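Note that the structure is predicted; figures quoted are calculated from it, not measured. We name chains A, B, ... by the order of the sequence lines, and we start the count at 1 in each one.
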Protein chains: 2
Amino acid sequence: MTDTPRPRIRLVDVAREAGLSKTTVSAALNGTGRLSPAVRERAREAARALGYRPNATARLLRAGHARLIGFAVGEYPAGAGSYMESPYFAQLTSATATAALEHGYALVLLPSGATPDEWNDLPLDAAIVADPLIDDPLVEDFLQARIPLFTDRSVEGREGAHWVDIDTVEAVRGVLDHLREQGAGRIAFVSQDARTRFHRESGEAYRSWCEERRVEDRSVLAERPGNGAVVAAVERALGGGADALFVVAEVAPPLVLDAARRHGLAVPRDLLVVCAGEDGSAEHADPPVSTLSLRPTQVAEAGVELLVAALESGDPAPTGRLVRTELTLRASSLR
Amino acid sequence: MTDTPRPRIRLVDVAREAGLSKTTVSAALNGTGRLSPAVRERAREAARALGYRPNATARLLRAGHARLIGFAVGEYPAGAGSYMESPYFAQLTSATATAALEHGYALVLLPSGATPDEWNDLPLDAAIVADPLIDDPLVEDFLQARIPLFTDRSVEGREGAHWVDIDTVEAVRGVLDHLREQGAGRIAFVSQDARTRFHRESGEAYRSWCEERRVEDRSVLAERPGNGAVVAAVERALGGGADALFVVAEVAPPLVLDAARRHGLAVPRDLLVVCAGEDGSAEHADPPVSTLSLRPTQVAEAGVELLVAALESGDPAPTGRLVRTELTLRASSLR
DNA sequence: TTGAAAGCGATACCAA
DNA sequence: TTGGTATCGCTTTCAA
């Protein structure tokens, strides 16, 4: 029944207990200053005995920074399910957290549509907006608040803004070229009605590739995010007689194969398939599915690096970097 | 070329600009105190003109709390890939963040194996350890630091600890009973060598269910986490002649169906399948796969509620709550 | 080698 | 109605 009293132990309490001054105890515990080993030990002992834990907020106030970075995703309107269920965002989020931690920063999760008053009370040194919407208010708010920001290329050149993006156009053309080399003539492009840069740019890249080659534009749009709607879009594409599928909408790759099977199509014999995304089931599907990785881990690492460099140097000059996507060829697109 | 000066605007700066005192400006901006509308407006105007943003750290020091909750997952040893790639943890994480935000708290992402010095500098009001390992050091560290904690039932009764857990034993027996009712006689149990409570308890529940009914124990363990190893385990179970599969190891359900197909087994005719987990592809698989949901969203909400209640009341008395799992029956386990 | 005192930036009491 | 001053808990000169 040790009914420990509520009030937390402060530095002064330790000092009093040890018969030393705040200053000395602080130096002893932080390993700074020139203290005699005896005194240092005495201070440490008192701290241990009292169960002293320094008040983080106070140190931060003194230090002038919080080593905290806000993290939000622009992609999903609040409430439309969780963005983390997407393997891409899951990897992006955890890679960002890991990269930040390695630089001594912790990530604070912000809701997708966060307004300033939701983060104004948080001591954020910087912010990250992953896959911002077009003219994302979140981005504008952070920029206006002069909080260093890392997001995609749409902020290029703005003060305090740092970007990392992928080579979408090149990547899309690479996939399409690959499918053509493997003998596909009617390549359908399955996307989703997303307002992200990737979906917009990849759609444009697909269309211009088709135009250049004078082939029919076989884009199909999923009406909503989620496996169900994307599978429905895939079925439409197959109904249209496609002999290859490039799926950039997020979907579990095995479900695409299921759809093909239902249409009596053998992959890769009758239908070639490439999916964009990080879904781990692609590799173990039957047959294994070729994937275009958007490299969330590399994006996160590069962005955090840029952001931290800006933070440490205090230089608001905008910086940016491009990350290469990676096409992994598997049985589903190789004849 | 507005070369804005580095130093941030503080309250005093606004006060000087407005010809008022810090106190008055503070009251004006916070809407407290009794100020004349004129003065209030003058203060606000000055703040706006200077682009004043209050220092969050300073307010927090004053307020005595940070409204920040640390979030870590015990499950994965650091570096073994990201826990967020699991739909269960992805949902748990985002539901926790959402629930916390609704109560005015923000979530700080901590790495899985975090040691005290990784979070000591963070102003955490509380912590959450999802799916702790047995005797998880993380749990012990938080408890010892007297930081209010929410985790699973293993901390039941300890001061400052709050738990939420699921009815694992009942749930497992329910699934097994269901499979038996549907005519299965040789039910294999596919798990993974995880040190979480769920995997341990579900395994025990399966074994005692088998004993009670004098049927063979057909447990199979995946050697590692990840689709590959789990599919291999499923194949072993099928090789052993199972006529039903209860897969509690995390895997994309369509891959289980693929494995069955490779063994020439039709689902549900020759093989019944139930998967535990939140993988969204189960619903759209062909045939749709029955799933046992561990209800991460409900767990998160209940836990945050308990934690926040304890935080607001300052009462360290331990609390806990049980959440019911949910079995969704689909074609894969219905004859 | 040790300690007194001055901040960090904001809020809240209480006197004017 | 307004403002001086103490305070939150810690770190850091700087003097002794």
> Which residues satisfy the ring-ring contact (aromatic ring centres under 6.0 Å, His included) test with A:Phe71, sequence neighbours excluded?
Replying inline: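 Partners of A:Phe71 by the ring-ring contact (aromatic ring centres under 6.0 Å, His included) criterion come out as none, since no residue qualifies.
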When the distance from [atom1] of [X] to [atom2] of [N] is rounded to whole Å, what number comes out?
| X | N | atom1 | atom2 | answer |
| --- | --- | --- | --- | --- |
| B:Leu61 | D:dT7 | CG | C1' | 9 Å |
| B:Leu35 | D:dG3 | CG | P | 9 Å |
| A:Asp121 | C:dG9 | CG | P | 18 Å |
| A:Arg16 | C:dT2 | CZ | P | 20 Å |
| B:Leu60 | C:dC8 | CG | P | 18 Å |
| B:Leu29 | C:dA12 | CG | C1' | 15 Å |

Check residues 121-139 of chain B and write down every donor-acceptor pair under 3.5 Å in which the side-chain atom is one partner and the other belongs to a residue at least two apart or another chain.
| unit_1 | atom_1 | unit_2 | atom_2 | d |
| --- | --- | --- | --- | --- |
| B:Asp121 | OD1 | A:Arg59 | NH1 | 3.3 |
| B:Asp125 | OD1 | B:Ala66 | N | 3.1 |
| B:Asp125 | OD2 | B:Ala66 | N | 3.2 |
| B:Asp125 | OD2 | B:Arg67 | N | 2.6 |
| B:Asp131 | OD1 | B:Tyr88 | OH | 3.3 |
| B:Asp136 | OD1 | B:Leu138 | N | 2.9 |
| B:Asp136 | OD2 | B:Leu133 | N | 2.9 |

> Given D:dG9, C:dG3, C:dT2, which nucleotide is nearest the side-chain atoms of A:Ala58?
Replying inline: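 Of D:dG9, C:dG3, C:dT2, D:dG9 is nearest to the side chain of A:Ala58.
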> Of all the choices, C:dT1, D:dT1, D:dG3, which nucleotide is nearest to the side chain of A:Ser36 once you look at every atom?
Replying inline: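 Nearest to the side-chain atoms of A:Ser36, counting from C-beta on, is C:dT1.
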Cut-off 3.5 Å, no hydrogens considered: what does the side-chain donor-acceptor table look like for residues 95-107 of chain A, sequence neighbours left out?
| unit_1 | atom_1 | unit_2 | atom_2 | d |
| --- | --- | --- | --- | --- |
| A:Thr96 | OG1 | A:Leu92 | O | 2.5 |
| A:Thr98 | OG1 | A:Ser94 | O | 2.8 |
| A:Tyr105 | OH | A:Glu312 | OE1 | 3.1 |

>> Side chains of A:Ser21 and A:Thr24: any donor to acceptor distance under 3.5 Å?
In response: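 Checked: A:Thr24/A:Ser21 side chains pair up, N/O donor to acceptor below 3.5 Å.
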>> Under 3.5 Å, is there a donor on one side chain and an acceptor on the other for A:Thr32 and A:Asn30?
In response: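 Result is no, nothing qualifies.
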> With the threshold set at 4.0 Å, does a side-chain nitrogen-carboxylate oxygen contact exist between A:Glu156 and A:Arg153?
Replying inline: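 Yes.
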> Can you tell me how far CD of B:Gln91 sits from OG1 of B:Thr93, rounded to the nearest 0.5 angstrom?
Replying inline: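 Atom-to-atom, B:Thr93:OG1 and B:Gln91:CD are 10.0 Å apart.
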> Which letters describe nucleotides 11-16 of chain D, given B = protein heavy atom under 4.0 Å from base, S = only from sugar-phosphate, - = neither?
Replying inline: BBB---
> Quick check: does any side chain N or O of A:Arg8 sit under 3.5 Å from a backbone N or O of A:Pro54, one acting as donor and the other as acceptor?
Replying inline: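 It does hold such a pair.
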> Between the two end axes of the helix from C:dT1-D:dA16 to C:dA16-D:dT1, each built from 5 base pairs, what angle do you get to the nearest 10°?
Replying inline: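 Both end axes considered, the difference amounts to 50°.
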>> Side-chain N or O of B:Thr24 versus OP1/OP2 of D:dT1: is the shortest distance under 4.0 Å?
In response: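 Indeed not, no polar side-chain atom of B:Thr24 lies that close.
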>> Using a 4.0 Å heavy-atom cut-off, does A:Leu20 contact any base of the nucleic acid, only the sugar-phosphate backbone, or nothing at all?
In response: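 If one applies the 4.0 Å heavy-atom cut-off, A:Leu20 turns out to touch the sugar-phosphate alone, with no base involved.
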>> Run the side chain to side chain donor-acceptor pair (under 3.5 Å) test against A:Gln144 and tell me which residues pass, sequence neighbours left out.
In response: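 Not a single residue meets the side chain to side chain donor-acceptor pair (under 3.5 Å) criterion with A:Gln144.
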